[in-house]
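Just so you know, these numbers come straight off a predicted model, no measurement behind them.
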Amino acid sequence: MFGIILGLIVLMVLAYLDWSILWVAPIAAGVVALTGGLDLLEAYTDTYMSGFVDFAKSWFPVFMLGAIFGKLMEDTGMARSVAVALTKVIGTKRAILGVLSSAAVLTYGGVSLFVVVFAVYPLALTLFREANISRRLIPGTVALGAFTFTMTAVPGTPQIQNLIPTEYFPTNAMAAPVMGIAATIVMAVGGYFYLRWREKKLAAAGETYTEPKNKNIVNEEGDTPNFLLSILPLLTVLLTLNLLGWDIVVALLSGIVLILLLNLAKFKRFVQAINNGATGSVTAIINTSAAVGFGTVVQSVPGFDRLTEILMGIRGNPLISEAVAVNLLAGATGSASGGMGIALEALGSRYYEIAQQTGIDPEAFHRVASLSSGGLDALPHNGAVLTLLTITGMTHKDSYKDIFIVAVAIPVVSVAVAILIASMGIY
């Protein structure tokens, strides 16, 4: 068991140092294997790679099609069109609400978090400039809209963090809607009022909008196709997944085909966009698979039984132990999908057994796993956080405090609220 803890520390420290989890995870797994009495070579070539390959086999189509869908939305200008229309409706006086709403709608429609950052940042600059709000709040605002409730809480979201639990529990993307909606309210409302409070505090201190030094990283001018046409692919993915009950692969394919049909005049951009999306998805799926492979090795050592006893021995609702496990592993890996993958690969079957024994609906375990993946994952070494700060030209010192509040602290509170609701038998 000491070896498992040591392996997690190695994983966390090296990930924090920005070393790739692709080769950090096998090193951490090797620490677990050696201290657990396993043959090192066999633990890597058999146990680790089995977990790695099994996850990639199950989820690569979703990662690839999701990335292609998002890239096509970006390159055709449809993502920008949706964001522009929403911000016009909300108005410049409510700049923070406009930016987070745009990010939320795109994320909920299936556009990847990284694409959302590129699509929304130019609009954020325009709105924050007109409202004279400090740019240091842009990362926190985008993070609230893209990295929180639409990623893990809103029922039916096609983001991978809401889909992975369906493999371990007999659920779908709409699992535990009451818990999800309650958590959404906590995150969205709590985060928004925090950011408004910060806006007023900064303004009182005399800190207002300043132009960024590097504006070459993003183009503020771009295609803005018709809004109604642009939002159709997002609605198609959501409706086919949740109302028609189609597989997420078919739902994403439907959205992709619709984008292509609605943008035939831009067919020259299609191949490059699809190539870029497919290429980008490889890194994402391999990184998550590497984390799951680590979890497979952890599961195979004798100390895992003791660790399981400790987690399962946490007093109170078993959903609490699941929340603790997923949050800690998401924090250690700096990845929501990676941390949840490790936790559910190792403990998912046990939690499903508990659900059957206790009468707690498996949907509750699904929703808690999804919500918990979006808590400690957004620590400073998280890849999405680093990308967001790079694109917006901010540093951790400038903006991480706000990201931490809206994407770590408040989401953790939302998990507690969801568990409290589940304890009353409401899902």
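No donor-acceptor pair under 3.5 Å is formed between the side chain of Ser81 and the backbone N or O of Gly77. A donor-acceptor pair under 3.5 Å is absent between the side-chain atoms of Arg80 and the main chain of Ala119, judged by distance alone. Looking only at distances, no side-chain donor or acceptor of Asn275 sits under 3.5 Å from a matching main-chain atom of Gln272. Looking only at distances, no side-chain donor or acceptor of Ser101 sits under 3.5 Å from a matching main-chain atom of Gly98. A donor-acceptor pair is defined here as one N or O able to donate and one able to accept, closer than 3.5 Å; such a pair exists between the side chain of Ser373 and the backbone of Ser370. In terms of modelled atom types and a separation under 3.5 Å, the side chain of Asp361 and the main chain of Ala364 share no donor-acceptor contact.
Listed by chain and residue number, Arg136 satisfy the salt bridge (charged side-chain N to carboxylate O under 4.0 Å, His left out) test with Glu207 (two or more places apart in sequence, or in another chain). Taking Ser335 as the reference, Thr333, Ser337 meet the side chain to side chain contact (heavy atoms under 4.5 Å, CB included) condition, with sequence neighbours excluded. Not counting sequence neighbours, the partners of Ile354 by the side chain to side chain contact (heavy atoms under 4.5 Å, CB included) test are Met312, Pro318, Tyr351, Thr358, Phe365. Among residues two or more places apart in sequence or in another chain, the side chain to side chain contact (heavy atoms under 4.5 Å, CB included) test is passed with Val257 by Leu261. By the side chain to side chain contact (heavy atoms under 4.5 Å, CB included) test, Leu389 is found to be paired with Pro139, Val385, Met394, His396, Ser399, Ile403, residues two or more places apart in sequence or in another chain being considered. Taking the ring pair (Phe, Tyr, Trp, His ring centres under 6.0 Å) definition, one finds that Tyr352 meets it with nothing, sequence neighbours left out. Applying the ring pair (Phe, Tyr, Trp, His ring centres under 6.0 Å) rule to Tyr44 yields the partners Tyr48; only residues at least two apart in sequence or on another chain are considered.
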Taking only distance into account, with no hydrogens and no angle test, what donor-acceptor pairs under 3.5 Å do side-chain atoms of residues 237-245 form with protein atoms, sequence neighbours excluded?
| unit_1 | atom_1 | unit_2 | atom_2 | d |
| --- | --- | --- | --- | --- |
| Thr240 | OG1 | Thr236 | O | 2.6 |
| Thr240 | OG1 | Val237 | O | 3.2 |
| Asn242 | ND2 | Gly156 | O | 3.0 |
| Asn242 | ND2 | Leu238 | O | 3.1 |

Without placing hydrogens or testing angles, list every side-chain donor-acceptor pair under 3.5 Å for residues 418-427, not counting sequence neighbours.
| unit_1 | atom_1 | unit_2 | atom_2 | d |
| --- | --- | --- | --- | --- |
| Ser423 | OG | Leu420 | O | 2.5 |

- Test salt bridge (charged side-chain N to carboxylate O under 4.0 Å, His left out) applied to Arg129 and Glu211, step by step: CA-CA 8 Å; Arg129 181 188 299 117; Glu211 289 294 338; 2.7 Å; yes
- Task: Output, in order, the C-alpha distance, side-chain angles, deciding distance and verdict of side chain to side chain contact (heavy atoms under 4.5 Å, CB included) for Val417 and Ile185.
- Result: CA-CA 10 Å; Val417 171; Ile185 293 172; over 6 Å; no
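Between Val412 and Gly375, the shortest heavy-atom contact is CG2-CA, 4.2 Å.
Looking only at side-chain heavy atoms (C-beta outward), Phe69 and Pro233 come within less than 4.5 Å of each other.
Listed by first then second residue, pairs satisfying side chain to side chain donor-acceptor pair (under 3.5 Å) with a partner in residues 51-72 read Trp59-Glu167, Lys71-Glu74, not counting sequence neighbours. The list of side chain to side chain donor-acceptor pair (under 3.5 Å) pairs with a residue in residues 146-164, not counting sequence neighbours, reads Asn162-His366, Asn162-Arg367. For residues 177-197, every residue pair satisfying the side chain to side chain donor-acceptor pair (under 3.5 Å) rule, not counting sequence neighbours, is listed here: Tyr192-Arg196, Tyr194-Asp402, Arg196-Glu199.
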